[in-house]
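Shown next, in structure tokens, is the structure this report addresses.
Values below: every heavy atom of this structure, side chains too, minus hydrogens, waters and symmetry copies.
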Amino acid sequence: MTSPKKPSRQKVYTLVVQIGRKAGDGLPKKATGAGLVIFASGVDEAEAVRETVAVLKQADTAPLDVTGYGTLEDRLAEGHEIDDEERGLMRRALDENAVIIAQMEPFYGTHPETETDWYTP
């Protein structure tokens, strides 16, 4: 007899990650780094951040800073508009227990912190 499947405790979190330069990172030649919008699954935001940083390091990038924007429910409560494409990527991250890069914006200044307007949830 098979026991019923337990409901998953996983949730999807929206993260914004700033990455620096590293040999083989795949960023444009003159970029000084990049900002990534990521949907990552985890039982809590801390786990989603840990998994994201681990995946990005495996992909030969240099994560510098991670900012969490919470779950879909958190973002809706904050009044964020979330389109069907974003929701689909969030669903995929949950279904596949994955880290999904939804957007990548290269930085061309001397400091990524000077380009903070590129993502507004």
Side-chain angles (χ1 to χ4, degrees):
M1 182 159 51
T2 321
S3 61
K5 186 177 176 183
K6 290 183 181 180
S8 175
R9 293 183 11 217
Q10 299 280 105
K11 292 185 178 184
V12 175
Y13 296 86
T14 301
L15 307 173
V16 173
V17 181
Q18 287 187 10
I19 60 173
R21 292 308 312 248
K22 184 177 177 185
D25 61 15
L27 292 175
K29 193 172 192 170
K30 294 185 179 188
T32 58
L36 308 174
V37 178
I38 293 179
F39 301 125
S41 65
V43 294
D44 56 26
E45 193 168 78
E47 181 185 52
V49 168
R50 284 190 303 275
E51 291 296 321
T52 297
V53 169
V55 166
L56 291 173
K57 285 182 177 182
Q58 283 180 335
D60 283 334
T61 65
L64 301 174
D65 185 62
V66 180
T67 302
Y69 288 92
T71 62
L72 172 63
E73 295 78 17
D74 296 334
R75 291 185 57 203
L76 290 171
E78 293 274 329
H80 299 179
E81 291 183 22
I82 302 170
D83 63 28
D84 290 341
E85 183 179 0
E86 259 188 288
R87 289 173 188 261
L89 291 172
M90 290 175 176
R91 169 57 51 198
R92 182 174 165 205
L94 185 61
D95 290 347
E96 298 176 12
N97 189 24
V99 173
I100 305 284
I101 298 175
Q103 181 180 343
M104 190 274 291
E105 186 72 31
F107 294 133
Y108 292 98
T110 55
H111 300 287
E113 298 79 14
T114 63
E115 302 191 29
T116 57
D117 294 335
W118 69 274
Y119 176 72
T120 305

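Nearest heavy atoms, L15 versus E45: CD2-CG, 4.3 Å. Minimum heavy-atom separation, V17 to P63: CG1-CB, 4.3 Å. The two residues Y13 and A48 come nearest to each other via the heavy atoms CD1-CB, 3.8 Å. Of all heavy-atom pairs spanning V99 and A40, the tightest one is CG2-CB, 4.1 Å. Minimum interatomic distance between L27 and M104 (heavy atoms only, all atoms of both residues): CD2-SD, 4.0 Å. The two residues A31 and P106 come nearest to each other via the heavy atoms CB-CB, 4.1 Å.
Proximity of T52 to V66: side-chain heavy atoms (C-beta onward) are nowhere separated by under 4.5 Å. No side-chain heavy atom of L89 sits under 4.5 Å from any side-chain heavy atom of V12. Proximity of L56 to L36: side-chain heavy atoms (C-beta onward) are separated by under 4.5 Å at one or more points. The closest side-chain heavy-atom distance from T14 to I82 is not below 4.5 Å. When side chains are defined from C-beta on, E78 does not count as touching Y69, because their heavy atoms never get closer than 4.5 Å. Residues M90 and R75 meet the side-chain proximity criterion, which asks for heavy atoms closer than 4.5 Å. At least one side-chain heavy atom of Q10 sits under 4.5 Å from a side-chain heavy atom of V43.
The CG atom of D84 sits 13.5 Å away from atom CZ of R91, with the distance rounded to the nearest 0.5 Å. Between atom CD of residue E81 and atom CD of residue E86 there is a gap of 10.5 Å, rounded to the nearest 0.5 Å. Here the NZ-OG1 distance, from K22 to T61, works out to 7.0 Å after rounding to the nearest 0.5 Å. Rounding to the nearest 0.5 Å gives a distance of 9.5 Å between OG1 of T32 and CD of Q18.
Within 6.0 Å of atom CZ in R21, more than 12 heavy atoms from other residues, nucleotides or ligands are found, so the atom counts as buried in its surroundings. In E85, the CD atom is not crowded: 12 or fewer heavy atoms of neighbouring residues, nucleotides or ligands sit closer than 6.0 Å. Atom CG of D83 has more than 12 heavy atoms from other residues, nucleotides or ligands within 6.0 Å. When the shell of 6.0 Å around CZ of R87 is examined, it contains more than 12 heavy atoms from other residues, nucleotides or ligands.
The closest donor-acceptor contact from the side chain of D95 to the backbone of R92 lies at 3.5 Å or more, if one exists at all.
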